[in-house]
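Following: one structure in structure tokens, then a few remarks.
Residues: numbered from 1 along the sequence shown. Values below: all heavy atoms of this structure, side chains included; hydrogens, waters and symmetry mates excluded.
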Amino acid sequence: MFNTIPPLTRNIIILNVVVFLLVQLLQNDQLTMNLAAFYPFSPYFHSWQVITHMFMHGSFFHILFNMMTLFSFGPVLEQVLGDKKYLLLYFLSGLGAFFLFNLWNFIEIEQIKSSLTAFGFDLDGFLSGESVSFPGNAAAVAEQQVLVNSLRNIITIPMVGASGAIFGVIAAFATLYPDAKIGLMFIPVPIKVKYLMPIVILVSIYLGVSGNVGGIAHLAHVGGALVGFILARIWRKHLYRFN
């Protein structure tokens, strides 16, 4: 069965599995730090992470869900779009996920920095790694500590996974085949993707903006889906002309 998967989809799945197994076997923190994607202004950020993070996954179920989804939707798009456009779709969606997720991070960081500055907190000292104190009364100190922890989390917690690229693939599929029906475990009746996809995106936007992320980069999903939708809309008019 695996040999019947078109080559690009098959190789992407293989590469993701190989990287996941290597990371799990080596248990090398430095390797993980180098391959995962950090906030662009974090001291841990490297330019190659915008690509390598797409092949990193935090758990077995994370990679299983992503690869099963790619296995379900990828082959159709690879055959219809052709190799070049399919690769563009996949990687540009992953880059779009990285961009939107970190654009929101940037907005949050600026808000946090503004609040800390208003307290008189030594932000420059903190960012340079110096030991700093929290000015003000107990309530002010507690609020500053929450803000500093949020700032530290954005800078030090990396983004991993192919989910942004996968959402781009799903969004492109939904754009090209809006009346296709898919079955979900928690929905007893197959539902058309043109109805399901907007619901998923709206929920992802709400969870990402509200902060109810649960360790999931929901806005990265939105960024990937947005790129997939735009590319599919562009290509749909000339789908067979340039293959």
Side-chain angles (χ1 to χ4, degrees), residues 1-24 35 37 48-99 159-185 190-197 200-201 217 220-243:
M1 180 185 70
F2 199 68
N3 289 332
T4 64
I5 305 175
L8 289 180
T9 300
R10 181 172 68 244
N11 290 335
I12 290 172
I13 293 174
I14 291 173
L15 186 55
N16 272 277
V17 171
V18 168
V19 171
F20 177 75
L21 292 176
L22 280 175
V23 170
Q24 295 301 311
L35 297 182
W48 60 78
Q49 293 173 354
V50 299
I51 298 296
T52 57
H53 84 275
M54 301 182 205
F55 299 95
M56 296 285 289
H57 289 85
S59 68
F60 171 75
F61 289 105
H62 188 195
I63 189 171
L64 178 64
F65 176 80
N66 278 345
M67 295 305 102
M68 288 298 295
T69 306
L70 183 62
F71 170 79
S72 300
F73 295 96
V76 174
L77 292 178
E78 182 175 344
Q79 292 174 349
V80 170
L81 296 177
D83 293 353
K84 292 180 180 179
K85 288 201 287 289
Y86 181 66
L87 277 180
L88 277 175
L89 168 68
Y90 188 86
F91 285 104
L92 288 181
S93 295
L95 292 175
F98 177 84
F99 174 79
M159 169 186 176
V160 297
S163 301
I166 301 297
F167 263 71
V169 169
I170 299 172
F173 180 88
T175 304
L176 296 176
Y177 304 103
D179 292 321
K181 294 182 179 180
I182 59 175
L184 300 173
M185 288 186 295
I191 182 171
K192 291 184 179 181
V193 289
K194 68 180 180 183
Y195 301 133
L196 180 62
M197 198 64 196
V200 172
I201 296 303
H221 299 168
V222 177
L226 181 61
V227 172
F229 168 75
I230 292 172
L231 290 177
R233 291 278 296 183
I234 294 171
W235 292 334
R236 185 169 62 179
K237 299 176 182 178
H238 312 285
L239 197 55
Y240 302 103
R241 184 180 300 177
F242 300 114
N243 280 339

Between [atom1] on residue [X] and [atom2] on residue [Y], distance to nearest 0.5 Å:
X      : Y      : atom1 : atom2 : result
Leu176 : Trp235 : CG    : CH2   : 9.5 Å
Arg236 : Leu81  : CZ    : CG    : 12.5 Å
Asn16  : Ile13  : CG    : CD1   : 8.0 Å
Ser93  : Ile166 : OG    : CD1   : 9.5 Å
Asn11  : Leu15  : CG    : CG    : 8.5 Å
Phe98  : Ile51  : CZ    : CD1   : 10.0 Å

Begin from the C-alpha positions of Val17 and Leu21 and carry the test side-chain contact (heavy atoms from CB on, under 4.5 Å) through to its verdict.
-> CA-CA 6 Å; Val17 171; Leu21 292 176; 3.9 Å; yes
Find out whether [X] and [Y] are in side-chain contact, i.e. whether some heavy atom of one side chain is under 4.5 Å from a heavy atom of the other.
X      : Y     : answer
Ile14  : Arg10 : yes
Phe55  : Leu35 : no
Ser163 : His62 : yes
Phe99  : Val50 : no

Can you spot which of Tyr86, Phe167, Phe173 makes a ring-ring contact (aromatic ring centres under 6.0 Å, His included) with Phe73?
-> Phe173
Determine whether more than 12 heavy atoms belonging to other residues, nucleotides or ligands lie under 6.0 Å from atom CZ of Phe65.
-> no
Is Glu78 reaching over with its side chain to a backbone N or O of Leu8, donor-acceptor style, under 3.5 angstrom?
-> yes
Of Asn66, Thr9, Ile5, which meets side-chain contact (heavy atoms from CB on, under 4.5 Å) against Phe71?
-> Ile5
Met54 and Leu95: side-chain contact (heavy atoms from CB on, under 4.5 Å), yes or no, with the steps?
-> CA-CA 9 Å; Met54 301 182 205; Leu95 292 175; 4.2 Å; yes
What do the steps show when you test Val227 against Leu89 for side-chain contact (heavy atoms from CB on, under 4.5 Å), and what is the final call?
-> CA-CA 8 Å; Val227 172; Leu89 168 68; 5.8 Å; no
For Lys192, check salt bridge (charged side-chain N to carboxylate O under 4.0 Å, His left out) against everything at least two apart and list the hits.
-> Asp179
Parallel, tilted or perpendicular: which describes the rings of Phe20 and His57, with under 30° parallel and over 60° perpendicular?
-> perpendicular
Starting from the C-alpha separation in whole Å, work towards a yes-or-no answer on side-chain contact (heavy atoms from CB on, under 4.5 Å) for Val76 and Tyr177.
-> CA-CA 10 Å; Val76 174; Tyr177 304 103; 3.8 Å; yes
